Amino acid sequence: MAHPRVLDRAELPVDTVQLARFLIGKMLVRMLAEGVAGGRIVETEGYDIGDPAGHAYRGMTPRNRALFLERGHAYVYLAYGSSFMLNVSSEMSGVGAGVLIRAIEPTDGIGIMERNRGTERVRDLARGPGRLSAALGIDRRLDGIDLCRAGPLWLGSDGQASDEIGQSKRIGITRAADRLLRFYVRGNWFVSGPQALNG
DNA sequence: ATAGAGATTGCCT
DNA sequence: GGCAATCTCTATA
């Protein structure tokens, strides 16, 4: 990637849905012993205040406490006993809400991601939240870290103008399933989900 | 205590 | 397109 700078927290919209849209086109950067890996965020979903599909809906638990941190912190949890999911906390400190990062377009450390994923199909390296976490070696050790500081995992911007952003229903949920809180880069090859949602 | 659902994935037909 | 794998939390007893 072309020398991205670390995003400042003050740049992040406080509002969950605005943050979900804002993060499209930004960079996700993972620093590993083997080198740098990461890419451009092409798909996100917002889980806002009072959302019955959100993990914070029934209050704070040991698992979801990072959702209540000030915006720009990582919430990492294990879904279905097998896949880690990366979220960016949103809203003010003490309010439980966040943005799920569903896919990135790999730009750096592709060899590292291929090893972590056990495939050389670049399209499949980070298309889907579980695959993304596997590719970047993200697990619960990163739960709660600040994504607005240079560290093991951070959000960046390379100043590139964002492509056209589409909006749709969220994937894989049953509650509040009709709300249009998913954002994606229209026409991007690295976006997950059924074709019907990606027009 | 126990059972069921869940922000997924990979392998099977 | 169907389905099992496997962990955490919630609801019910």
Side-chain angles (χ1 to χ4, degrees), chain A residues 15-24 28 39 41-69 71-91 95-106 113-144 147 153 155 165-185 189-198:
Chain A
D15 179 80
T16 302
V17 182
Q18 287 184 44
L19 179 62
R21 184 188 294 270
F22 172 87
L23 288 175
I24 297 293
L28 182 66
I41 297 170
V42 294
E43 183 184 356
T44 65
E45 285 178 356
Y47 290 85
D48 60 354
I49 299 172
D51 178 7
H55 283 186
Y57 185 59
R58 292 178 172 82
M60 194 184 301
T61 68
R63 176 176 73 162
N64 71 17
R65 64 188 166 74
L67 276 179
F68 293 80
L69 296 172
R71 68 191 188 279
H73 288 79
Y75 165 48
V76 180
Y77 77 95
L78 184 63
Y80 298 104
S82 54
S83 301
F84 289 103
M85 307 277 147
L86 171 66
N87 295 251
V88 180
S89 68
S90 59
E91 306 294 339
V95 177
V99 174
L100 172 70
I101 310 298
R102 285 195 57 93
I104 65 172
E105 176 175 342
M113 293 190 267
E114 287 175 345
R115 263 204 315 287
N116 287 340
R117 287 274 297 117
T119 178
E120 292 187 356
R121 295 187 55 189
V122 177
R123 189 190 181 203
D124 290 341
L125 291 180
R127 179 169 53 91
R131 292 166 171 171
L132 182 160
S133 293
L136 297 182
I138 292 170
D139 60 28
R140 230 168 310 174
R141 286 173 298 189
L142 295 174
D143 186 45
L147 299 173
L153 182 67
L155 293 167
I165 297 176
Q167 188 168 359
S168 79
K169 297 178 183 180
R170 294 173 292 185
I171 294 175
I173 60 166
T174 56
R175 292 179 288 201
D178 289 336
R179 300 183 65 205
L180 303 178
L181 298 181
R182 171 175 176 267
F183 297 92
Y184 61 96
V185 176
W189 183 246
F190 300 91
V191 170
S192 78
Q195 200 59 47
L197 285 185
N198 293 332

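Chain naming here is simple, since letters A, B, ... match the order of the sequence lines and numbering starts at 1 in each. Values in this document were obtained by computation on a predicted structure and should not be read as measured data.
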**Prompt:** Between dG6(B), dC9(C), dT9(B), which nucleotide has the shortest distance from any of its atoms to the side chain of R63(A)?
**Reply:** dC9(C)
**Touch class at under 4.0 angstrom, heavy-atom based, for L78(A) against every strand present** = sugar-phosphate
**Prompt:** What nucleotide, of dT8(B), dC9(C), dG10(B), holds the atom closest to the side chain of T61(A)?
**Reply:** dC9(C)
**Prompt:** Any sub-3.5 Å donor-acceptor pair from N87(A)'s side-chain atoms to S89(A)'s backbone N or O?
**Reply:** no
**Message:** Between C1' on dT8(C) and CZ on R65(A), what's the gap in Å once rounded to a whole number?
**Reply:** 15 Å
**Asked** For dT6(C), what is the paired nucleotide under Watson-Crick or G-U wobble rules, both distances under 3.5 Å?
**Response** none
**Item:** Basic-acidic side-chain contact under 4.0 Å: D143(A), R63(A)
**Value:** no
**Asked** Under the criterion side-chain contact (heavy atoms from CB on, under 4.5 Å), which of V191(A), I171(A), T44(A), L86(A) is the partner of R102(A)?
**Response** I171(A)
**Request:** Give R182(A) one of three labels, base, sugar-phosphate or nothing, depending on what nucleic acid heavy atoms sit under 4.0 Å from its own.
**Result:** nothing
**Prompt:** Picking from dG10(B), dC9(C), dA7(B), which would you name as closest to the side chain of Y47(A)?
**Reply:** dA7(B)
**Asked** If you check the R140(A) side chain, which of dT6(C), dT8(C), dA11(C) turns out closest?
**Response** dT8(C)
**Message:** Taking only side-chain N and O atoms of H55(A), does any of them lie within less than 4.0 angstrom of OP1 or OP2 on dA7(B)?
**Reply:** yes
**Message:** I'd like to know if the side chain of E91(A) and the backbone of D48(A) have a donor-acceptor N/O pair within less than 3.5 Å.
**Reply:** no
**Item:** side-chain contact (heavy atoms from CB on, under 4.5 Å) partner of W189(A), chosen from R127(A), R123(A), E105(A)
**Value:** R123(A)
**Prompt:** Nearest to the side chain of R131(A) - dA7(B), dC9(C), dG10(B)?
**Reply:** dG10(B)
**Minimum-distance nucleotide to P129(A) side chain [options: dT8(B), dG10(B), dC9(C)]** = dT8(B)
**Asked** Separation of R175(A) atom CZ from dG4(B) atom C1', in whole Å?
**Response** 12 Å
**Item:** d(CD, E43(A); P, dT8(B)) in whole Å
**Value:** 10 Å
**Asked** Would one find a side-chain N or O of R58(A) under 4.0 angstrom from OP1 or OP2 of dT8(C)?
**Response** no
**Message:** By the 4.0 Å heavy-atom rule, please label N64(A) as base, sugar-phosphate, or nothing.
**Reply:** nothing
**Item:** Side chain of M85(A) - closest among dT8(B), dC7(C), dA7(B)
**Value:** dT8(B)
**Nucleotide nearest S83(A) when distance is taken to its side chain, options dA7(B), dT8(B), dA11(C)** = dT8(B)
